[in-house]
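Below is one structure, written out as C-alpha cells; comments come after it.
In what follows, chains carry the letters A, B, and so on, assigned in the order in which the sequence lines appear, proteins first and then strands, with residues in each chain numbered from 1. For the numbers below, each heavy atom of this structure counts, side chains included, while hydrogens, waters and symmetry mates do not.
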Protein chains: 2
Amino acid sequence: MAASARVTIRDVAQHAGVSQPTASLVLGNHPRARVAPATRERVLEAAATLGYRPNVVAQSLARGRSFALGVIVPDLRNPFFADVIAGAERVASAAGYAMLLCGETERPVASHLDTLISRQIDGVILDAANAASLDAGALTGVNVVLVDEPSERWPGVASDATGAGRLAAEHLLGLGHRAIAFIGPSSDVHTFRMRERGFVRALRAADVTLPSPWLRRAPATVAGGRDAMRALLNGRTRPSAVFCANDLIAVGALKAAAEARVRVPAELSLVGCDDIEMAQLVTPELTTIAVPARELGARAARLLLRQLAGEKPRAQSAPLAVRLVARGTTGPAPADASPAAPVA
Amino acid sequence: MAASARVTIRDVAQHAGVSQPTASLVLGNHPRARVAPATRERVLEAAATLGYRPNVVAQSLARGRSFALGVIVPDLRNPFFADVIAGAERVASAAGYAMLLCGETERPVASHLDTLISRQIDGVILDAANAASLDAGALTGVNVVLVDEPSERWPGVASDATGAGRLAAEHLLGLGHRAIAFIGPSSDVHTFRMRERGFVRALRAADVTLPSPWLRRAPATVAGGRDAMRALLNGRTRPSAVFCANDLIAVGALKAAAEARVRVPAELSLVGCDDIEMAQLVTPELTTIAVPARELGARAARLLLRQLAGEKPRAQSAPLAVRLVARGTTGPAPADASPAAPVA
DNA sequence: TTGTAAGCGTTATCAT
DNA sequence: ATGATAACGCTTACAA
C-alpha cells in the first residue's frame with residue numbers, strides 16, 4: 001500500500017543473487033549484454049515475480065534523455081490539431097515514448113518550451129507556432145520538428161499550402177466564378193499565408209483580381225468566419241464564391257449565409273480547407289481541400305524519432321499532397337453574377 | 001551549442017561562491033529558507049546571469065515526485081474529450097504541472113497507466129476509462145481522479161448523467177411525443193449507462209415504454225449514429241423522437257434523417273447530449289443536453305492537485321449540473337403519430 | 001562473465 | 001547561516 005513499496009532494480013538484483021549493475025545489464029536489454037544465460041534467467045525471473053518496473057525518471061537522469069516528446073499546438077480544441085496530436089501520439093506511444101502536451105492558448109509558446117526543456121524532453125513538435133519569431137536561445141539544445149512551417153534551421157513536415165489555395169481557386173474558376181472573396185486570419189502562421197498566396201496567385205493567373213474589401217481578415221474560428229461572412233454579405237456588392245482559410249471559418253461562413261437566407265451553393269459557393277470531420281456534417285456538406293492532419297502528426301513524430309536515433313535531419317521533406325473534395329457548398333456561378341469587382 | 005552546455009546548480013553555486021546545497025536552498029524557494037539576504041542575492045544573480053534552469057528530472061528523482069499529471073481519455077478526437085483535456089491542462093499548467101497525454105485508442109488503459117506510473121507521475125485523471133474493471137494492482141500507489149465514473153475507491157467529478165437522460169425525456173414528453181427511441185453504445189462506460197437509465201426511467205414514469213427494437217446499440221460516433229438511425233427509419237414503425245447518448249451520435253442520426261428525406265423536427269425530433277461546438281453548426285441546430293466538459297476537466301485537475309497537497313479526497317463531489325438547450329431539432333409530436341409501439 | 005565505483009542533478013539531513 | 005554528506009534509482013565505464 002505504501003508508495004515506498006516500489007520494487008527497485010536493487011531488490012531484483014538481491015533477489016536474484018547478483019549485483020545491481022548486472023541486473024541493470026540484463027533488464028536494460030542491451031544489444032551486447034555479455035551476461036551468462038543462467039544469470040539472465042534468474043534476473044528476469046526475479047523481476048517478474050517481484051513485479052519490477054523501471055523508474056523512467058531515474059533512467060532519464062542517468063542516460064540524459066527522457067524518452068518523452070513534447071507537442072505544442074495553438075489550440076487543443078481545433079479538431080485539426082486534435083488530429084495532428086492523435087497521429088503523433090500513435091507513433092510516439094508505439095515507440096515507447098510518452099507525450100507531453102501543451103495547448104494552453106493563453107500561455108506563450110516560449111513558456112511552454114521552457115516547461116518542456118526543463119523536463120529534459122528529447123524532442124519537440126511545434127505546430128503552427130511561428131518558430132521563426134522565437135527567441136534564438138529558446139530552442140537551442142533541443143531536437144525540433146516543425147509542422148506546417150518551413151525553416152532552414154529545423155526539419156519539419158508540411159502540407160502543400162499553396163497547392164491548397166491553388167486547388168480552391170481552380171475549382172471556383174472552373175465553375176465560372178469571377179467575383180471571388182477570401183477569408184483568413186491575419187496571423188503570421190505560415191500555412192495560412194501560403195494558402196492565401198496560392199489562392200490569390202491562381203486567381204491572378206486567370207486575370208481575376210481580389211479587391212481588398214473582399215479580402216477579409218478574421219480569426220480562424222467559427223465565430224470569426226461568421227462575422228467575416230456577415231460583413232461580406234452586407235457589402236455593396238456580393239461575391240459569388242468565397243475561399244476560407246480553414247474549415248472552421250468556412251463553417252462559420254456557411255452559418256452566416258444561412259442566417260442571411262443566402263442559398264448555398266445557388267447564390268454563393270464556399271470552399272474550406274483541412275477537411276475536418278465537421279465538414280461532412282454541415283448542410284450542405286462542405287467542399288474543402290483535404291489536408292492529412294493525422295499523417296502530418298505521425299510523420300512529424302517519426303522524423304523526430306529518427307533524429308533522436310542519430311539520423312541527420314534532411315531539411316524539410318516534400319510537402320504532403322492535398323486534394324480537393326468537392327461536396328455540396330460549391331456550384332456553378334450564377335448567370336447574373338456581374339464579374340465586376342466592387343469599388344475598392 | 002553542445003547539449004552538455006547546460007548550466008547546473010553547481011555552476012551557479014560556484015559562480016556565487018557558495019556551496020551547492022546552499023544554492024539549492026535559495027533556488028528551491030523554500031518557505032523557511034534560513035539564508036542570509038546577501039548570499040541569497042548573490043545566488044539569484046548568478047543563476048540569472050548564467051541562465052540557470054532547474055532540471056526537473058533530477059528534482060523528480062530526489063523529491064520522489066514529478067510535477068506531472070497524466071490524463072487518459074478514450075479518444076482524443078472526440079471534441080468532448082478535447083474539451084476535458086483543455087480544461088485540465090489549463091489548471092495543471094497554471095500550477096506548474098506538465099501534462100502527459102494518453103489517448104491512443106488501440107492501447108489498453110492498463111498499458112497507458114504503466115507508462116505513466118513508471119514515469120513517477122504524481123496523479124492520473126481517468127476519463128470514462130471504466131476504472132472499476134482495471135486490475136486491482138494497476139492503480140495502487142497513484143493518485144487517481146475519475147471523470148464521469150463514480151467509485152467508492154477513488155474520488156472524482158462527474159456530470160449529472162441520469163439528470164441528462166431525464167431532461168431529454170421530459171423535453172420530448174412535454175412536446176407530446178410518445179413514440180420514442182434511444183440510440184447509445186453498449187459499452188460499460190458509466191455515463192452512457194446512466195444517461196440511458198435516467199431517460200428510460202423518466203419515460204416509464206410517464207407510462208411510455210421503450211420497445212426493444214427502438215433501443216439501438218451503436219458506437220458513440222457519427223458513423224454509429226447514422227447507421228443506427230438508418231435501421232430505425234427502416235423499421236416497421238418509426239418513432240417520432242429519438243434521444244441519442246451523445247452529440248456525435250445525434251449528428252450522425254440527423255445526417256441519416258436528411259438522407260432519408262425525413263424532415264427534422266417536423267417528422268422526427270432529435271436530442272443529443274454534451275453540447276459540443278458542432279451541435280450549433282449542423283442544420284437544424286441540435287437540441288441537446290449541455291454538459292460542462294471543460295469544467296469537468298478543470299475540476300478533476302484541481303481535485304488531483306488538492307490531493308497531492310495532502311488533502312484528503314472527499315469521495316465523489318456532487319455531480320455537475322447539466323441543462324437542456326432547446327434548439328432546432330425538436331418540435332411538437334406530429335398529430336398523426338400513433339402512440340402505439342411497434343411489435344417487439 | 002561479473003562486481004566495484006562513479007556519476008546524472010537535485011533535495012534533504014545533518015553537523016558546524 | 002552554511003557546508004559536508006548521503007540519498008533518489010539507474011547507467012556505464014572499468015576492474016576483477
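Of all nucleotides listed (D/dA4, D/dG9, C/dG9), D/dA4 comes nearest to the side chain of B/P21. The nucleotide whose nearest atom lies closest to any side-chain atom of A/Q59 is, among C/dG3, C/dT10, D/dC10, D/dC10. Nearest to the side-chain atoms of A/L61 among the listed nucleotides C/dT1, C/dA12, C/dG9 stands C/dG9. The side chain of B/S24 has C/dT11 as its nearest neighbour among D/dT11, D/dA1, C/dT11.
At a cut-off of 3.5 Å, with distance as the only test, a side-chain donor of B/D148 or B/S159 sits close to an acceptor on the other residue.
The line from CG of B/L126 to CG of B/L134 is 7.0 Å long, rounded to the nearest 0.5 Å.
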Next on the checklist: Test side-chain contact (heavy atoms from CB on, under 4.5 Å) on B/R65 and B/S60; report intermediate values, then the result.
Outcome noted: CA-CA 5 Å; B/R65 21 185 319 198; B/S60 301; over 6 Å; no

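In this structure, the CG atom of A/L27 is 13 Å from the C1' atom of D/dG9, given to the nearest Å. Rounded to an integer number of Å, the gap from B/R63 CZ to C/dT11 P is 7 Å. With rounding to whole Å, B/Q14 atom CD is found 14 Å from C/dT10 atom P. Between the CZ atom of B/R65 and the C1' atom of D/dG9 there is a distance of 18 Å, rounded to whole Å. For B/D11 and C/dC8, the CG to P distance is 11 Å, given to the nearest whole Å. With rounding to whole Å, B/L25 atom CG is found 16 Å from C/dG9 atom C1'. B/R6 places its CZ atom 12 Å from the C1' atom of C/dT10, with the value rounded to the nearest Å. Counting to the nearest Å, the C1' atom of D/dT5 and the CZ atom of B/R10 are 12 Å from each other.
Residue A/T39 is in sugar-phosphate contact alone, with no base atom involved, counting any heavy-atom pair closer than 4.0 Å across all strands shown. A/V18 comes within 4.0 angstrom of sugar-phosphate atoms only, judged by non-hydrogen atoms across all strands, and of no base. A/I9 comes within 4.0 angstrom of the backbone, heavy atoms only, and of no base.
Applying side chain to side chain donor-acceptor pair (under 3.5 Å) to A/S93 and the options B/H112, B/E106, B/R107 leaves one that passes, B/R107.
Each of B/Q20 and A/A62 was matched to the nucleotide of DNA chain D holding its nearest heavy atom; the match closer to the 5' end belongs to B/Q20.
One finds a side-chain N or O of B/T22 lying less than 4.0 angstrom from the OP1 or OP2 phosphate oxygen of D/dG3. Neither OP1 nor OP2 of C/dG9 sits under 4.0 Å from any side-chain N or O of B/T8.
For A/D83 and B/R77, the salt-bridge test passes: some basic side-chain N is under 4.0 Å from an acidic carboxylate O.
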